[in-house]
Amino acid sequence: MKILSADFLLVCNDEFEILENAAICFDKKIIDVGSREEIVERYKDVKELYLGKNSLLMPSLVNTHVHLEFSSNRTYLKYGDFLRWLGSVIKYREIISKECKEECYKNALNQMLKSGVGIFGEISSRGESLSYCVNAPQKVLFFNEILGSQPEVVDILYNDFLNRLKESKKYASDKFIPSISVHSPYSTHPILIKKSLEIARSENMIVSTHFMESRAEREWLDRGEGDFKRFFREFFPHIPVIKPLNSAKEFLKSFIGVRTLFTHALFATREEFEMMKDLGGSVIHCPISNRLLNNAVLDLKLLEEMKLSYSVGTDGLSSNYSLNMWNELRAALFLHFDRDLISLSKSLILASTKEGAKALGFNSGVLEKGRSADIIAVKLPGECEVQEIAYHLILHTREVEKIFIDGEEECPIS
Ligand code: BEZ
Ligand code: FE2
């Protein structure tokens, strides 16, 4: 058992309760949370570690959407427009993949760990990140991605997906959960969607998908026109008539009975958000990626009004300059410039803790009795009034002082 105490403790419950001069007693799970005096008195035999002036304890962060297999990218890819980006991904995919070796994965995992990420959701397109995720200090929901629009390759792609899924299942544990990601409605053949989701449904998996990331996707799915029409003509010139594979509505309907995370949703309609909510789904917000590829910002106001939950993801280094979650939160704070600073900051912190853990199916994200002891310690740079903490935390934090996962302190991997 351990006791940590700090000047502040963010419970990260819906009330956004902040305790002052607080302590937490834990082993693998959280045993008790309360005032420093109370906890020290109650657990007399347990050694207490006070984290110092302006210290703060909170649940570890959850990055619900990352593509580690792109971690070697810095300047290969083109930003500013979704299809420009997609074209550059196709061009540089092999180079990026080859350059992403052990050191590159380690750096990516360490960057997340140092920023306080204790849980992440990895979208694996090829199974290349598998061993790194299995051995990561963090807890991982490992999404094996299925993708491919052309009917003649459906069987090959499905078998490849099944092999990757099977391989990942060999390593299933409390901290490594194998699952499925359906790439998107514009890129995935309905047969692949149906067959992969049958597995997800029968095995009660949490599934991830990209949905309505670009204006071009909206135009293509609704009217069969626009940049995607040009893209498909260029990449599949042998097809005489090019049509969208799925309508947005049919695509969403295929997730009935599956707990689903809808990533981006920048151009989703209110009706589509309602469908996501009815499905028991949630949205993943990747603000930096959205700015770089689509010049767009998720309608958080609408989500909050509809009480549709969202979490936060960095996306991969294919559409971001870092995997540091505090950079992501800072970007969100500035991108949603019309929102009240204090309530937005609280909402973003809850999205990266409580909502993220719930989205990925882990029993942490809130500092309360019975939850897994996934905890970070942070140092604020100066004295801070309690009602101002949420935005100061986002503005000033780059790396955490300590991170505990299942009660054990974790250090960067070497
Ligand atoms: C495909 O593999 O069929 C595909 C990939 C990306 C975008 C669209 C289609
Ligand atoms: Fe993504």
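Counting starts at 1 for both ligands and their atoms, following the listed order. One-based numbering along the sequence shown.
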For [X] and [Y], which I'm curious about, is there any donor-acceptor pair between the side chains at under 3.5 Å?
X	Y	value
Ser347	Tyr310	yes
Glu69	Ser124	yes
Glu355	Ser309	yes

Next on the checklist: Does Asp174, at its CG atom, have more than 12 non-hydrogen atoms belonging to other residues, nucleotides or ligands within less than 6.0 Å?
Outcome noted: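 No, CG of Asp174 has 12 or fewer neighbouring heavy atoms, counting only those of other groups under 6.0 Å.
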
What atoms in ligand 1 come closer than 4.0 Å to a heavy atom of [X]?
X	answer
Ser149	1 (C), 3 (O), 9 (C)
Phe232	8 (C), 9 (C)
Phe236	1 (C), 3 (O)
Phe231	7 (C), 8 (C)

Checklist entry - Using 30° and 60° as the class limits, which term best fits the ring planes of Phe228 and Phe232: parallel, tilted or perpendicular? => result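 Taking Phe232 first and then Phe228, their aromatic rings sit tilted (interplane angle of 30° to 60°).
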
Checklist entry - What is the ring orientation for Trp85 with Phe82, classed by angle as parallel under 30°, tilted 30 to 60°, or perpendicular over 60°? => result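 Tilted, since the angle between the ring planes falls between 30° and 60°.
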
Checklist entry - Within 45° of the ring axis of Phe70 and under 6.0 Å from its six-membered ring centre, is that where the NZ or CZ of Arg93 lies? => result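 Geometry flag: set, cation within 6.0 Å and 45°.
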
Item to check | Residues Asp227 and Arg215 bridged, charged N to O under 4.0 Å | outcome: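 The answer is no: the pair does not qualify as a salt bridge.
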
Next on the checklist: If the test is side chain to side chain donor-acceptor pair (under 3.5 Å), which one of His264, His210, His285 qualifies with His65?
Outcome noted: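 Of the listed options, the one satisfying the test is His210.
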
Item to check | the Fe ion (ligand 2) neighbourhood, protein N/O/S only, threshold under 2.8 Å | outcome: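 Hits for the Fe ion (ligand 2) below 2.8 Å: His65 NE2, His67 NE2, His210 NE2, Asp315 OD1.
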
Checklist entry - Using a heavy-atom cut-off of under 4.0 Å, does the side chain or the backbone of Phe235 touch ligand 1, or both, or neither? => result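 None of Phe235 does.
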
Checklist entry - At what distance is the nearest protein heavy atom to atom 6 (C) of ligand 1, and which residue and atom is it? => result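 It is Ser187 CB, 4.1 Å.
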
Item to check | Check: Tyr186 N/O within less than 3.5 Å of ligand 1 N/O | outcome: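 No.
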
